[in-house]
Amino acid sequence: MTGDEKHSPAAHSTRDALWVLYDRVLNVGPDTADAPERDRFLLSKGHGPMAYYAVLAAKGFFPVELLRSFGAYDSPLGHHPDRLLVPGAEIGSGSLGHGLPLAVGTALGLRAQGLDGPAVWVLVGDAEFDEGSNHEAVAFAGAVGLERLHTVVIDNSSATHGWRGGIAARFAAEGWSTATVDGRDHEQLYRAFTAPHPGRPHVVVARTEPEHG
């Protein structure tokens with residue numbers, strides 16, 4: 001990180017969940033980034049992409065040396081990821097409330113093509129649930145039983161309103177499988193990410209230290 005980041009807490013809060021996903025869970029890599037059977041990972045929390053870039057680089061999607069160019073005028077690594085510029089990025093993101101609906105559509109599209117193997121993962125921030133589009137996506141995915149859809153919610157207490165009973169309760173009410181874990185504990189994250197959830201979409205709420213600044 002160069003010191004020019006406006007949303008550095010957004011990166012700090014996601015780094016452990018991102019690492020566990022790419023290191024131990026996702027079926028995707030530099031050689032399979034375009035394969036139809038790959039797992040899809042969508043970073044909705046794209047306004048803080050530095051940890052995402054670091055993990056992609058560590059996994060060989062692009063050279064680690066490129067990280068030094070983050071945010072520069074001619075760098076592909078912008079303050080929001082661009083799917084046309086960043087190897088491995090499935091979507092351009094950063095505007096709150098877009099990623100989860102896009103993940104629902106991706107899961108539906110794979111189902112329509114008969115591709116039952118790939119999992120769809122989306123990482124969102126708790127503040128994104130101030131946006132109504134996410135509530136509609138949660139309700140729809142639960143109603144149609146999108147089993148291959150997985151959501152990771154990074155809860156760093158940055159939401160304006162919050163949810164009575166906790167974030168997971170809202171998903172559970174719509175028929176999702178849920179887990180709430182310490183967002184810094186890699187074993188807790190791995191167990192929650194890989195928990196079986198037949199016939200239902202799955203959400204993991206990863207709690208981290210509150211965001212400041």
Side-chain angles (χ1 to χ4, degrees), residues 1-96 98-100 102-103 106 118-128 150-156 158 181-190 193-194 204 206 208-209 211-213:
M1 295 171 62
T2 66
D4 297 329
E5 295 79 15
K6 179 180 179 183
H7 292 291
S8 57
H12 291 305
S13 64
T14 62
R15 64 178 183 259
D16 296 281
L18 284 168
W19 179 255
V20 174
L21 280 172
Y22 274 91
D23 192 51
R24 302 172 64 180
V25 178
L26 292 174
N27 179 28
V28 66
D31 297 333
T32 57
D34 296 318
E37 292 292 337
R38 75 188 183 279
D39 288 346
R40 274 72 167 174
F41 174 79
L42 283 60
L43 180 70
S44 185
K45 195 175 171 69
H47 49 282
M50 292 77 73
Y52 181 48
Y53 294 155
V55 170
L56 288 175
K59 288 301 179 182
F61 285 88
F62 55 82
V64 172
E65 291 74 22
L66 192 59
L67 293 173
R68 298 190 185 99
S69 73
F70 169 75
Y73 177 74
D74 58 350
S75 174
L77 306 181
H79 290 270
H80 291 227
D82 185 330
R83 71 177 183 87
L84 300 178
L85 298 177
V86 180
E90 296 280 357
I91 60 171
S93 61
S95 296
L96 303 188
H98 286 178
L100 182 52
L102 285 170
T106 301
V120 178
W121 288 81
V122 57
L123 188 148
V124 305
D126 62 321
E128 294 195 61
H150 309 76
T151 300
V152 182
V153 181
I154 302 297
D155 182 6
N156 60 1
S158 60
V181 300
D182 180 347
R184 300 302 187 194
D185 188 312
H186 288 201
E187 289 307 313
Q188 285 190 34
L189 287 165
Y190 177 72
F193 289 164
T194 56
V204 176
T208 68
E209 61 279 359
E211 178 177 333
H212 298 292

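All residue numbers refer to positions in the sequence shown, counting from 1.
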Nearest non-hydrogen partners of [X] and [Y], listed with the distance:
{"X": "T14", "Y": "A51", "value": "OG1-CB, 3.7 Å"}
{"X": "D16", "Y": "R184", "value": "OD2-NH1, 2.6 Å"}
{"X": "V25", "Y": "D39", "value": "O-OD2, 4.1 Å"}
{"X": "G99", "Y": "I91", "value": "CA-CD1, 4.5 Å"}
{"X": "L56", "Y": "P87", "value": "CD1-O, 3.8 Å"}
{"X": "L96", "Y": "A127", "value": "CD1-O, 4.3 Å"}

Notebook entry, point to check: Going through the checks in order, is the side-chain contact (heavy atoms from CB on, under 4.5 Å) test met by D126 and I154?
Noted result: CA-CA 6 Å; D126 62 321; I154 302 297; over 6 Å; no
Can you check whether [X] reaches [Y] side chain to side chain, under 4.5 Å on heavy atoms?
{"X": "P118", "Y": "R40", "value": "yes"}
{"X": "H47", "Y": "H79", "value": "no"}
{"X": "P49", "Y": "P81", "value": "yes"}
{"X": "V181", "Y": "V204", "value": "yes"}
{"X": "V152", "Y": "L21", "value": "yes"}

Does the [X] side chain pair with the main chain of [Y], one donor and one acceptor, at a distance under 3.5 Å?
{"X": "H150", "Y": "W121", "answer": "no"}
{"X": "E128", "Y": "G125", "answer": "yes"}
{"X": "T106", "Y": "L102", "answer": "yes"}

Next item on the list: List the steps, then state whether side-chain contact (heavy atoms from CB on, under 4.5 Å) holds for K45 with V124.
Entry: CA-CA 5 Å; K45 195 175 171 69; V124 305; 5.8 Å; no
Checklist line | Heavy atoms from other residues, nucleotides or ligands near CZ of R83 exceed 12 (cutoff 6.0 Å) | finding: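 Not more than 12 within 6.0 Å, no.
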Next item on the list: For the residue pair F41 and Y22, categorise the inter-ring angle as parallel (less than 30°), tilted (30 to 60°) or perpendicular (more than 60°).
Entry: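 Ring orientation, 0 to 90° scale: perpendicular.
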Checklist line | side-chain contact (heavy atoms from CB on, under 4.5 Å) assessment of L18 paired with L123 | finding: CA-CA 9 Å; L18 284 168; L123 188 148; 4.1 Å; yes
Next item on the list: Check the pair F62 / L77 against side-chain contact (heavy atoms from CB on, under 4.5 Å), numbers first and verdict last.
Entry: CA-CA 11 Å; F62 55 82; L77 306 181; 3.9 Å; yes
Note to self: To the nearest 0.5 Å, what is the distance between CZ on F193 and CD on Q188?
What the structure shows: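 Going from the CZ atom of F193 to the CD atom of Q188 covers 11.0 Å.
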Item checked: Sequence-distant partners of R38, salt bridge (charged side-chain N to carboxylate O under 4.0 Å, His left out), two or more places apart ->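 Checked R38 against salt bridge (charged side-chain N to carboxylate O under 4.0 Å, His left out); matches are E90.
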Next item on the list: Mind jotting down which residue pairs meet the side-chain hydrogen bond (donor to acceptor under 3.5 Å, both in side chains) criterion with at least one end in residues 48-59? Sequence neighbours excluded, please.
Entry: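 Qualifying pairs, neighbours excluded: D23-K59.
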